[in-house]
Amino acid sequence: MEDQNNIVTMEHITKTFPGVKALDDVSFHLSCGEVMALLGENGAGKSTLMKILSGVYTRDSGSIKLFGTEVEGDLTPKKAQKLGVAIIHQELNMCAHLTVAENIFLGKEIVKGRILSNQEMNRQAKEVLDSLRIDIDPQTIVGTLAVSKQQMVEIAKALQAEAKVLIMDEPTSALTSKEINQLFSLIRELKAKGCAIVYISHRLEELQHIVDRVTIMRDGKFIIENDFHSMSMDKIISYMVGREIKEKFPRVTTEKKEKILSIKNLNAGKMVRNVSLDVYKGEILGIAGLMGAGRTETTRAIFGVDKKESGEIELEGKQVSISCPDDAIKEGIVLVPEDRKRDGLCTKLSVRENVALPNLDVICNKLGVINRKREREIADKAISDLHIKLPTREVNASSLSGGNQQKVVVGKWLARDSKVVMFDEPTRGIDVAAKVEIYHLMNQLKQQGIGVLFVSSEMPEIMGVSDRIIVMCDGRVTGELMRSEATQEKILAYATKFENKFENENL
Amino acid sequence: QGAKEQASGGYKVYLITMDQMDQHWVNVDKGAQKAASELGGIDYKWLAPDIKDDAKQIECINNAVAGGADAIMLAANGPTAVTAALKEAEGAGVKIIYVDSAANYPAVQTLATDNTAAGATAGKELIKALNAKGVTSGKIGIISVNSATASTVARENGFRKAFDGLQFTLLETQYCDGDAARSKDMSANFITQGVVGLFGANEGSTVGVGNAIAEAGKSVIGVGFDKSDMILSLIKSGNLLCTMAQNPDVMGYEGMKTTVKALKGESVGASYFDTGVSVLTKNNL
Amino acid sequence: MERERRNPVKKVLAIRGIGQVLTVTVGLIVLYVVFGIMNPVFFSSRNIANLLRQIAPILLIGIGQSYVLITGNIDLSIGSVVGMSCMISATMMTKGANPIVAVIITMICCLAIGLANGLLVSFAKLPPFIATLGTMTIARGIAQIANNNYNTDSIGEAAQGFRDFFYYGKTMGLYNTIWIAAVLWIIFNFILNRTKSGRHIYAIGSNLEAARLSGVNVISATNKAYLVSAFVSCVVGLITSATSGMGTMDAGNSYELYAVAASVIGGVSTLGGQGLLFGTVIGASIWGVLQNGLQFAGAPVAIRNIVIGIIVVVSVLLDVIVRSGKGTRKKKATASM
Amino acid sequence: MERERRNPVKKVLAIRGIGQVLTVTVGLIVLYVVFGIMNPVFFSSRNIANLLRQIAPILLIGIGQSYVLITGNIDLSIGSVVGMSCMISATMMTKGANPIVAVIITMICCLAIGLANGLLVSFAKLPPFIATLGTMTIARGIAQIANNNYNTDSIGEAAQGFRDFFYYGKTMGLYNTIWIAAVLWIIFNFILNRTKSGRHIYAIGSNLEAARLSGVNVISATNKAYLVSAFVSCVVGLITSATSGMGTMDAGNSYELYAVAASVIGGVSTLGGQGLLFGTVIGASIWGVLQNGLQFAGAPVAIRNIVIGIIVVVSVLLDVIVRSGKGTRKKKATASM
Ligand SMILES: Nc1ncnc2c1ncn2[C@@H]1O[C@H](COP(=O)(O)OP(=O)(O)OP(=O)(O)O)[C@@H](O)[C@H]1O
Ligand SMILES: Nc1ncnc2c1ncn2[C@@H]1O[C@H](COP(=O)(O)OP(=O)(O)OP(=O)(O)O)[C@@H](O)[C@H]1O
Ligand SMILES: [Mg+2]
Ligand SMILES: [Mg+2]
């Protein structure tokens, strides 16, 4: 591999966190003008390896060669930037109070004399955004943007740095398909310019559009490095998980039974308008739609997180009133939220305490005293059912890798008897094997006669798992399809059925 | 200048104290009010900062001047801090009278307790009682407010002077910020250290001293400063030997009389008016 | 999933946040020994009883502040509530009220402040620093107005039982104040560690939004923390009026800061979600030993302030250094307030 | 993407965080008018000059606290640094030092505390509340030890120039104190809004980790904020010693809280990342007008405290209510400290 094109060479890298050997003698090579996919299960060490390359973490041992010269001592973010390494982090890293332009130029502000040249920065930020075909005013406050837009700003920020090595850690997990298309054409342009790109993603189907080579890791160890096109997808998956995955979308058929949940004319803010839907025992109801279609808001309104303006909720034929999540949980309706960092986990509490949190009513006696044995049992069961990878159940939730954190968020709801479980993008950012585990889990719930509501932005997944699909657009339900009749085209047609504003005004 | 104010309804007189918390100041105010109503035709107002603080007292003086004062009765926080503000005030035609404590700036009259002398009296009372018990040496503890208040520092110094040349050891002064509960803790610590006598330099300090002695048994003799219901009951129960009672009402009453005399251009007599202290013991209550 | 249950030492070490507690416990022992060597009176049983009685109020307000800090908030009104409790109870007793009635009414007033704090922070969503700065000022005003801007007279002979109960009396050879602190500590420690309410308090401090989505009633959990804080402050105020036998308007001045110091020295995070009441005991003890020991050492006030400041900083610094040996992520968590 | 640049009104309204500033400006005007009606002396030019001179020190420490709050930290040492500055400068001048030399040495000592704060928080990663609680105690100790536990004597005639410069003199008909505050405000407002350092101060307060990963020198930005805070506190200390003509050990007591109140009333977030020094001017003015106005209204201290507490709470509450009309996301951000 020692040709002069080789601009990154990492050899024998090890890194240990308390209780975890995150990297164990890993090697990684990157040549200019190529897109390298870095693949592996959750917790394989992908992010850690890239954080070492970009100076966020320091390595315990091993060597790094950048552009042919050995890196002496530790890298810092600033040093890495100067050398031409830019990274788009897996977790959003924006200053929410600052504007888009201020974020893009943070740490490398343009000054005239000693005074900030805001005009110039706004102008250049606009240029970068335009080159990405992102329609955002550089003067908007980042905190007011949707997650997908923030992600695009992150990308713009990395581009602005004109890096020669660009690391993208799951850049598409929050993007819309239009934005993904833009990103891919951009990646091709950069590649043509000789930029080297490291691309980390769990969405294996998108790799074929851009990737040249793959590096696969498992459990902190280097497994293989190869040309992408010489390997089949199944091969890649088996390297990642160490075994064959038989079915990507396991399916069980159960008889559709009586109606369990019925939502009538729900209104909650701009994003939920006149939403009606029914969920039956023994089926998985998928909700499809583009980003920003209001699916998250619908689940939040049902769960009582956001205020409802009007509408009725019937559970098993009886009308229920839900004004806060606690009401919903008591009625037996639960929600696995979309944004695990913000809404899902208490990161300073242990995994045990996180799993126990919504189930305290079950594991407490009448006086509210916690039965610690039952608490441990519940936690252990969730850990083993979902194959959560961790040293002990007492570690802080913050120390788990992204995918394992997601499993904890799912796990805490499985310990109780619910009637309806709503999953909002439960597989975002988790690996194939873990995805299949979550599908199995939804199937299990379905078999137990629990109503399952499943929000996803990934077409194959929603078609592969749901029994019935409703499609939302702009806060309204625009269509409903049985699995047998669903195609990508039909879903997309419904998902883009925007209201005709003009007609609307005449009504 | 004063004539203009007079036309619109008598003299404007401000009383400015160190803060508004102590009963002491309330009594000064009462005395002043009494004199004002007796004399009639006086627009009297009491201004005080919320906490003892030089800068805030200066603001009060400035405010009084801005408010059109003809005279200010002032209990100065310290001798120096307010002098420049007083100069400005006098420049604006305001007459100055000190009550309770004076500053280093000439004024019409000072009506005050001589704190150093009163502290020494407290010391002498304590020595007398110790000697009567046959105690001629040992440790003595002092509890005071803080080291920044001139009047209590003067009492402390007077008290210490009384022990000059004797065999007693005076321990490091403890400051309780006038908090009776904290003073109680500090006094208890002193007693554990084996003191034979305790001195409290103001009301709160004295209450703490008395309570600590009440609890530890009467092997230690306590003397204090100021008069309050609690202190008197501690004296009655024999837990305190005596207290140095000031006469704040006299300061206010006589102060107001002096003020009006000065405003009318009459003679006010000597420039220092000792309002005196009385030693209150179980016997003379 | 090891068998950590077998080995009691391992079990203790596995408690989250025990690290700092152990570090500062060592510090406490060192301090105690140093002061004892400087002045052997310090070791006398009399002084130990005294010392414990001086630590008790700090521990009590420390418990309250710890509860609030664990929810990710702060309570600046503690000192003023102490003052309010002291003045209201004393005023009522000097006016001849039955001590029990006086205590109940005082408690109601103090809990009202606690409830106001809780609602301002959780329901009205004010920043806790400013909400409790407001109630701090208001409560001090109430303390002053209680007896019409005077300290009260002596609460008198009738209330001797009250004074004995809260301060002067002994039960089984130990001062009642110490008993009160110990019993309340046991109760509040149990609630915090073993009940649903306690778990909710940790959860909202760790991630308010996630807790809410897990069905935690955020408003009620916040209120509980502030009510506990107001409750212990009220008790300290009663102890203060029993100690002095009168009501003083200044009582409790700066206690909110002592409470923060006791909590944080003991490892409670000002960021929320983290802390043990064991730590608060050690923190309060360090504070008490310092105050008491420095008096015995005869240090002037200035030196005392400097020493206390240095020890506050060093005790927390030590913990950061000890922990920094164990990876970087935790360190980051303590970086901001 | 409107063309908001054209319309100056729109331009002002587009400034981030201007909402609260406008709300409280209305509050300030109402307060002023109410007090003026209660007591017409309040409108006299003499009182206005007086009032401005009383607002100046609060504004100055407010600037410092705002800088620190915007970085997401807090500075509790402000009041003690004021005391230290007052005592050190006065002690030196009473011992005959040239005022300029005294000012320079005082400034060095105060900046050392600021640097210590910055390093403890950013480098040693102590929680800012506890780090500055420590330095607060230490700085107060230094203030006390400066003249050996006594307030100083008069700084004397030799230093009359010093006293005029900082307090008693006038320039162009306005008291120098007001000029000092105005000039420093302009400088620090410029630095905060128009320089790289200012931008970095906002950035670390908004998201420390993101700023660090973007190559912002977090340690240096934090230090700068604490140094500004120590600098303005030092100036206020000098003003205090010029005012009194002597050093008082208690000077500046509780100023850190006034500074927080001025900042937060003016819309600076205790969570960091947000705030305008325009707001701090309004916040400081409200504080000053309240103190001055209530004194003229003849309100006893107790009532004064209660009114101030209520106004602090209501002013922030108003803002929360006004903002809650505009969607939920922002509200969430202000929910915790
Ligand atoms: N700062 C940290 N402290 C402790 N453990 C960590 C830390 N960062 C990562 N780890 C651990 O190191 C291992 C590798 O984590 P890493 O984030 O690199 O995985 P990943 O391959 O990026 O996974 P994912 O696909 O879920 O993002 C995991 O076991 C994780 O728990
Ligand atoms: N808390 C919030 N406050 C204000 N606006 C919000 C908030 N959350 C989301 N939005 C806005 O709502 C729109 C949709 O947000 P988001 O990208 O989360 O998609 P979504 O509604 O969850 O849709 P889906 O789940 O169907 O993808 C965006 O325009 C975003 O700016
Ligand atoms: Mg990762
Ligand atoms: Mg969504």
Side-chain angles (χ1 to χ4, degrees), chain B residues 12 14 16-21 25-26 29 43-69 76-88 91-92 103-105 144-150 153 156-157 172-173 175 177, chain D residues 39 41-42 44-51 53-54 57 82-83 86-87 90 94 143-144 147-156 160 163-164 167-168 236-237 239-255 288 291-296 298 300-302 304-305 308:
Chain B
K12 247 186 178 171
Y14 285 85
I16 296 174
T17 52
M18 296 181 194
D19 63 31
Q20 218 176 32
M21 309 292 271
W25 304 127
V26 180
D29 174 53
D43 181 0
Y44 165 77
K45 203 179 245 174
W46 177 21
L47 290 186
D50 52 352
I51 53 167
K52 230 173 239 153
D53 183 295
D54 282 342
K56 286 191 174 173
Q57 192 170 52
I58 290 167
E59 285 181 3
C60 278
I61 294 170
N62 293 343
N63 287 344
V65 175
N77 247 353
T80 331
V82 291
T83 49
L86 292 177
K87 202 165 153 190
E88 277 196 343
N104 287 337
Y105 187 79
S144 185
V145 180
N146 58 38
S147 53
T149 307
V153 169
E156 223 186 275
N157 289 340
E172 188 75 34
T173 305
Y175 295 106
D177 286 322
Chain D
N39 193 340
V41 167
F42 202 69
S44 70
S45 68
R46 173 147 209 171
N47 192 52
I48 292 172
N50 219 336
L51 183 59
R53 194 158 56 155
Q54 286 168 22
V82 169
C86 177
M87 280 300 294
T94 53
Q144 289 162 341
N147 192 36
N148 207 9
N149 251 316
Y150 288 108
N151 288 342
T152 72
D153 294 338
S154 164
I155 56 178
Q160 194 55 47
R163 299 188 68 185
D164 286 341
Y167 193 78
Y168 287 98
V236 172
I239 292 175
T240 311
S241 75
T243 310
S244 308
M246 65 179 283
T248 42
M249 295 182 289
D250 283 4
N253 234 331
S254 302
Y255 275 27
Q291 295 286 359
N292 186 293
L294 285 171
Q295 205 173 76
F296 272 105
V301 173
R304 232 187 276 178
N305 277 336
I308 289 178

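Chain A is the first sequence line, chain B the second, and so forth, proteins listed ahead of strands; every chain is numbered from 1.
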Worksheet item: By a 4.5 Å heavy-atom criterion (distance strictly below it), what part of D:Thr243 contacts chain B: side chain, backbone, both, or neither?
Response: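 When you check distances to chain B, atoms from both the backbone and side chain of D:Thr243 fall under 4.5 Å.
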Worksheet entry | Segment of D:Tyr167 engaging chain B (4.5 angstrom heavy-atom cut-off) |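 For D:Tyr167, side-chain heavy atoms alone lie under 4.5 Å from chain B.
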Worksheet item: Sub-3.5 Å donor-acceptor pair from the side chain of D:Asn50 to the main-chain atoms of B:Asn62, do we have one?
Response: yes
Worksheet item: Do D:Asn292 and B:Glu59 have side-chain N/O donor and acceptor atoms under 3.5 Å apart?
Response: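 No, no side-chain donor-acceptor pair sits under 3.5 Å.
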Worksheet item: Can you tell me how far the CG atom of D:Asn151 sits from the CG atom of B:Asp54, to the nearest 0.5 Å?
Response: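 Answer rounded to 0.5 Å: 7.0 Å.
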Worksheet item: Between atom CG of D:Asn147 and atom OG of B:Ser147, what is the distance when rounded to the nearest 0.5 Å?
Response: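 Interatomic distance, D:Asn147 CG to B:Ser147 OG, rounded to 0.5 Å: 10.5 Å.
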Response to the item:
Of B:Val153, B:Thr83, B:Asn104, B:Leu47, the largest count of non-hydrogen pairs under 4.5 angstrom with chain D goes to B:Leu47
Worksheet item: With only heavy atoms counted, which part of B:Ala48 is less than 4.5 Å from chain D, the side chain, the backbone, both or neither?
Response: backbone
Worksheet item: With only heavy atoms counted, which part of B:Asn77 is less than 4.5 Å from chain D, the side chain, the backbone, both or neither?
Response: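 It is neither, since no heavy atom gets under 4.5 Å.
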Flag side-chain contact, heavy atom, 4.5 Å: [X] against [Y]:
X	Y	value
B:Ile58	D:Ser244	yes
B:Thr80	D:Asp153	no
B:Val65	D:Arg46	yes

What heavy-atom pair brings [X] and [Y] nearest, and what distance separates the two atoms?
X	Y	value
D:Ser44	B:Ala66	OG-O, 4.4 Å
B:Ala85	D:Tyr168	N-OH, 3.4 Å
D:Arg163	B:Ala81	NH2-O, 4.4 Å

Worksheet item: Hey, mind stepping through D:Asn47 and B:Asn63 against side-chain contact (heavy atoms from CB on, under 4.5 Å) and telling me if it holds?
Response: CA-CA 7 Å; D:Asn47 192 52; B:Asn63 287 344; 4.3 Å; yes
